[in-house]
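All chains are named by letter (A, B, ...) in the order of the sequence lines, taking the proteins before the strands, and each is independently numbered beginning at 1. For the numbers below, each heavy atom of this structure counts, side chains included, while hydrogens, waters and symmetry mates do not.
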Amino acid sequence: MQRTDYCAQITKQDIGRTATVMGWIQRSRDLGGLTFVDLRDSSGIMQVVFPGDDSSLAAVHTLGREDVVTVTGTVAARDTVNINPDMITGEVELRAEKLVILNRARTPPFLTEGTGEDTTEETRLRFRYVDLRRERMQRNLRLRHQVFKMIRDFFDKQGFIEIETPLLTKSTPEGARDFLVPSRVEPGKFYALPQSPQLFKQLLMIGGIDRYFQLAKCFRDEDLRSDRQPEFTQLDLEIAFPRGKEEIISLLEAMFGQLFRCILDIQLPQRFPCLSYHEAIARYGSDKPDLRFGMEIKDISHLVQGCGYRIFTDTLATGGKVLGINACGCGRYSRSQIDQLQKQSLAAGAGGLLWIKIGEEISSPLIKFITTESLQEIISVFDASSGDLILIVAGEGMEPVLGSLRSMIARQEKMESDSWHFLWVTDFPLFERTEAGELTSSHHPFTSPNQQDIVMLESRPLAVLANSYDLVLNGVELGSGSIRIHSRALQERIFALLGLDKEEMEERFGFFLRALEYGAPPHGGFALGLDRCIMMMAKESSIRDVIAFPKTTTGLCPLTNAPISVTKEQLDELKLQQQNEKHKE
RNA sequence: GGGGGCGUGGUCUAGCUUGGUCUACGACGCUGGAUUGUCACUCCAGAGAUCGCCGGUUCAAAUCCGGUCGUCCCCGCCA
């Protein structure tokens with residue numbers, strides 16, 4: 001028997017016709033003389049009816065969940081009273097005439113109905129092949145495919161070509177920890193799996209590829225989170241001779257516009273708003289602000305200048321600022337809820353948290369220290385009214401403290417509306433200072449500085465801005481890009497500032513520096529975390545729900561049990577020795 | 001590297017605070033039977049658990065303590 005139809009595609013138009021469907025038993029309701037079976041395939045579910053008087057169909061009584069069958073029968077209309085409005089195929093049913101059991105299934109560890117909330121994620125992953133049958137996972141994987149396909153088509157139309165870059169490549173000891181692969185032919189030497197195809201795509205530009213993209217697998221050996229996996233997929237792209245960052249920005253806006261319109265039926269604005277890094281920090285306390293809600297940071301330094309309150313005057317005297325946000329509607333917060341906010345502020349690095357609660361009357365620890373007029377001025381700056389709570393922090397660089405309070409409150413107060421706020425963040429500092437006091441690239445060392453800042457690279461490196469752009473959606477960083485350095489001399493200056501001497505430069509990046517000397521065109525590009533994008537489009541809270549076979553937070557695969565020990569022979573072949581466990585200390 | 005939550009039949013869970021009544025609750029699932037319009041079918045009967053693992057305290061441990069493993073969340077980390 002050959003399949004003629006998919007379950008959920010059978011409609012009233014097919015009534016009277018013979019159909020053969022194949023799939024899994026979702027559920028069967030055996031009434032004795034009459035049996036109903038919900039049959040599921042990749043398209044969905046339809047009801048199959050088995051009459052009791054046909055002995056050739058007697059096997060229906062033995063069917064269990066997830067058994068695999070093929071059924072031939074006649075499509076029939078259901079009587080009006082029997083129509084199930086909750087089912088896509090609820091107006092029809094298949095009257096079975098022939099049943100073949102293709103395969104029996106052991107009782108599954110969980111039901112494939114529902115979204116999986118009724119079992120643990122570990123069990124879902126161990127039996128992923130069963131878990132994937134549920135509608136939610138089928139939908140997510142289909143969405144993932146649609147996104148991939150649409151991206152490929154989009155960039156193809158824009159003149160890009162997809163080129164694969166090596167997975168066995170060279171460790172560039174900067175950034176995340178590499179996954180290493182030992183070389184058999186060169187004992188003691190290792191390949192690294194790419195953290196991104198960064199250098200290869202730049203080499204492709206130098207190689208005369210005008211527009212490159214790749215749906216690239218990337219690997220980073222760092223601790224995992226609900227939005228991080230050790231291997232993940234990024235949309236990597238690069239163009240030669242760009243019309244500045246503007247060209248790349250508008251390409252991505254067009255791409256997202258199409259994705260959201262065609263896949264989610266959502267119309268995005270043609271242009272996404274843009275904030276400079278400094279503006280983002282000043283207004284939202286974050287370089288990836290969530291614009292689904294307001295609660296902007298306000299500087300009230302000028303209002304409290306002469307108030308005489310020690311904490312304020314001391315802060316202002318040492319160059320700090322007095323900043324605050326208005327937690328709208330949080331005026332009802334109890335002492336312990338405010339304590340919670342205070343704890344969060346201390347954890348985020350503030351010396352303390354001051355508050356003004358506006359209710360029937362105004363209560364605040366500040367009342368003793370500042371005049372009623374100043375208090376009223378502050379309240380009006382925040383546009384606060386009864387029921388609001390103003391949170392104030394004093395110090396230097398306190399914006400991120402308020403940023404973290406801002407997101408904490410938004411989450412608590414459910415201010416995160418069901419909307420899509422894309423945002424570009426540009427003009428990041430090219431460098432930042434590590435704890436050890438060294439300079440490090442805030443993006444990556446191939447990012448070009450703003451043209452006019454190049455003169456102060458050595459004199460005031462922290463003031464140099466990068467020709468870069470991050471894309472943020474609802475407070476989540478989706479990706480980042482930049483116009484790259486295409487001159488060897490400038491690239492070497494950057495490396496030198498990062499503390500690399502000539503020898504290290506040659507060893508790590510010699511091949512690349514050389515390539516820059518052979519006619520490297522100006523170029524720039526972008527890298528976008530696709531798993532994260534798809535997670536958000538699917539409204540999932542974990543990246544694992546949009547990846548077919550993800551790893552646990554400890555990097556294990558409950559399905560295959562990877563990673564596992566290898567044999568002595570395998571290690572010998574690679575000239576590797578296992579360190580004795582006892583030597584760990 | 002650090003902090004926190006969780007671990008009890010196939011699955012999800014109650015019990016743990018205050019050890020004994022636990023011969024471990026319930027639901028779903030499973031097995032057998034009945035059942036001709038169900039769609040969370042219904043009804044009857046039944047099976048199924050070394051309470052993650054190791055050790056300690058105690059007359060007595062699912063329960064208290066220590067360790068360990070697994071898992072999830074967060075900080076660090078993720079150029």
Inset, instruction - Please check if any side-chain donor atom of A:Arg29 sits under 3.5 Å from a side-chain acceptor atom of A:Gln47, or the reverse. - result: yes

Inset, instruction - In whole angstrom, give me the gap between the P atoms of B:G1 and B:A62. - result: 34 Å

Legend entry - Base of B:G29 paired with side chain of A:Arg27 (donor-acceptor, under 3.5 Å): no

Inset, instruction - Give A:Glu93 one of three labels, base, sugar-phosphate or nothing, depending on what nucleic acid heavy atoms sit under 4.0 Å from its own. - result: base

Inset, instruction - Name the nucleic acid region contacted by A:Arg544, choosing base, sugar-phosphate or nothing; use a 4.0 angstrom heavy-atom cut-off, strictly under. - result: sugar-phosphate

Legend entry - Side chains of A:Gln340 and A:Gln344, donor plus acceptor under 3.5 Å: no

Inset, instruction - Taking only the side-chain nitrogens and oxygens of A:Thr35, find out if one of them lies under 4.0 Å from OP1 or OP2 of B:U38. - result: no

Legend entry - Which nucleotide in B:C77, B:C39, B:C78 has an atom nearest any side-chain atom of A:Arg225: B:C77

Legend entry - Gap between atoms CD and C1', on A:Gln229 and B:C72 respectively (whole Å): 13 Å

Legend entry - Polar contact flag, side-chain donor to acceptor under 3.5 angstrom, A:Tyr212-A:Asp236: yes

Legend entry - A:Thr119 side-chain N/O to B:C12 phosphate OP1/OP2 under 4.0 Å: yes

Inset, instruction - Name the pairing partner of B:U18, where a pair is Watson-Crick or G-U wobble with both distances under 3.5 Å, or state none. - result: none

Legend entry - Span that lies between the P atom of B:G70 and that of B:C53, in whole angstrom: 15 Å

Inset, instruction - Look through every strand shown and name the nucleotide pairing with B:U42 as Watson-Crick or G-U wobble, where both distances are under 3.5 Å. - result: B:A34

Legend entry - Touch class at under 4.0 angstrom, heavy-atom based, for A:Glu121 against every strand present: sugar-phosphate

Inset, instruction - Check the side chains of A:Arg65 and A:Thr112 for a donor-acceptor pair under 3.5 angstrom, ignoring hydrogens and angles. - result: no

Inset, instruction - Just call it for A:Thr123: base, sugar-phosphate, or nothing, with non-hydrogen atoms closer than 4.0 Å on any strand. - result: sugar-phosphate

Inset, instruction - Using the closest heavy atom to pick a nucleotide of RNA chain B for each, name whichever of A:Asn82 or A:Gly32 lands nearer the 5' end. - result: A:Gly32

Inset, instruction - For A:Ser482 and A:Asn467, test the side chains for any donor-to-acceptor distance below 3.5 angstrom and give the result as yes or no. - result: no

Legend entry - Distance between P atoms of B:C72 and B:G56 (Å, rounded): 32 Å

Inset, instruction - Please report, rounded to the nearest Å, how far the P atom of B:A27 is from the CG atom of A:Leu111. - result: 16 Å

Inset, instruction - Please state the C1' separation for the pair B:U21 and B:U63 - nearest whole angstrom. - result: 14 Å

Inset, instruction - State whether a side-chain donor-acceptor pair under 3.5 Å links A:Thr115 with A:Glu117. - result: yes

Inset, instruction - Rounded to the nearest angstrom, tell me the gap between atom CZ in A:Arg104 and atom P in B:C30. - result: 14 Å

Legend entry - B:G10 to B:G19 separation - P atoms, rounded to the nearest Å: 30 Å

Inset, instruction - Quickly work out the A:Lys551 NZ to B:C72 P distance and round it to whole Å. - result: 13 Å

Legend entry - Donor/acceptor link under 3.5 angstrom from A:Arg228 side chain onto base of B:C77: yes

Inset, instruction - Look through every strand shown and name the nucleotide pairing with B:U71 as Watson-Crick or G-U wobble, where both distances are under 3.5 Å. - result: B:G5

Legend entry - Contacting residues from residues 48-78 of chain A, given that a heavy atom lies under 4.0 angstrom of RNA chain B: A:Arg65, A:Arg78

Legend entry - A:Glu97 and A:Thr74 side chains, donor-acceptor separation under 3.5 Å: yes

Legend entry - Between B:C41 (C1') and A:Asp38 (CG): distance, integer Å: 11 Å

Inset, instruction - Using the P atom as the reference point in each nucleotide, state the distance between B:U17 and B:A61 in Å, no decimals. - result: 14 Å

Inset, instruction - Report yes if at least one side-chain N or O of A:Arg29 is closer than 4.0 Å to OP1 or OP2 of B:U38; otherwise report no. - result: no

Legend entry - A:Asp531 and A:Gln229: side chain donor to acceptor below 3.5 Å: no

Inset, instruction - Would you mind reading off the distance between A:Leu556 atom CG and B:C72 atom P, rounded to a whole angstrom? - result: 9 Å

Inset, instruction - Tell me whether the OP1 or OP2 atom of B:C74 has a side-chain N or O from A:Ser226 closer than 4.0 Å. - result: yes

Inset, instruction - Taking only the side-chain nitrogens and oxygens of A:Thr107, find out if one of them lies under 4.0 Å from OP1 or OP2 of B:G29. - result: no

Inset, instruction - Please tell me which of the listed nucleotides, B:G37, B:C78, B:U71, lies nearest to the side chain of A:Gln47? - result: B:G37

Inset, instruction - Determine, answering yes or no, if A:Phe110 is stacked on B:U11 under the 5.5 Å centre rule and the 30° plane rule. - result: no

Legend entry - Inter-nucleotide C1' distance (B:G76, B:U13), Å rounded: 35 Å

Inset, instruction - Calculate the interatomic distance between A:Asp223 atom CG and B:U71 atom P; express it in whole Å. - result: 13 Å

Legend entry - Gap in Å between the two P atoms, one belonging to B:C6 and one to B:U23, rounded: 25 Å

Inset, instruction - Before giving the answer on salt bridge (charged side-chain N to carboxylate O under 4.0 Å, His left out), spell out for A:Arg128 and A:Glu121 the whole-Å C-alpha distance, their side-chain angles and the decisive distance to 0.1 Å. - result: CA-CA 10 Å; A:Arg128 190 57 150 182; A:Glu121 191 169 359; over 6 Å; no

Legend entry - Separation of B:G76 P from A:Leu224 CG (nearest whole Å): 15 Å

Inset, instruction - Could you tell me whether the side chains of A:Asp30 and A:His61 share a donor-acceptor contact shorter than 3.5 Å? - result: yes

Inset, instruction - Go through B:U35, B:C72, B:G10 for me and flag the one nearest to the A:Pro109 side chain. - result: B:G10

Inset, instruction - Give one of base, sugar-phosphate or nothing for A:Glu122, where a contact means two heavy atoms less than 4.0 Å apart. - result: sugar-phosphate

Inset, instruction - Scan A:Asn84 against the nucleic acid and name what it touches under 4.0 Å (heavy atoms): base, sugar-phosphate only, or nothing. - result: base

Legend entry - Nearest atoms (heavy-atom pairs only) where A:Met137 meets A:Asp131: CG-O, 3.5 Å

Legend entry - B:C72 phosphate, OP1 or OP2, under 4.0 Å from A:Ser542 side-chain N/O: no

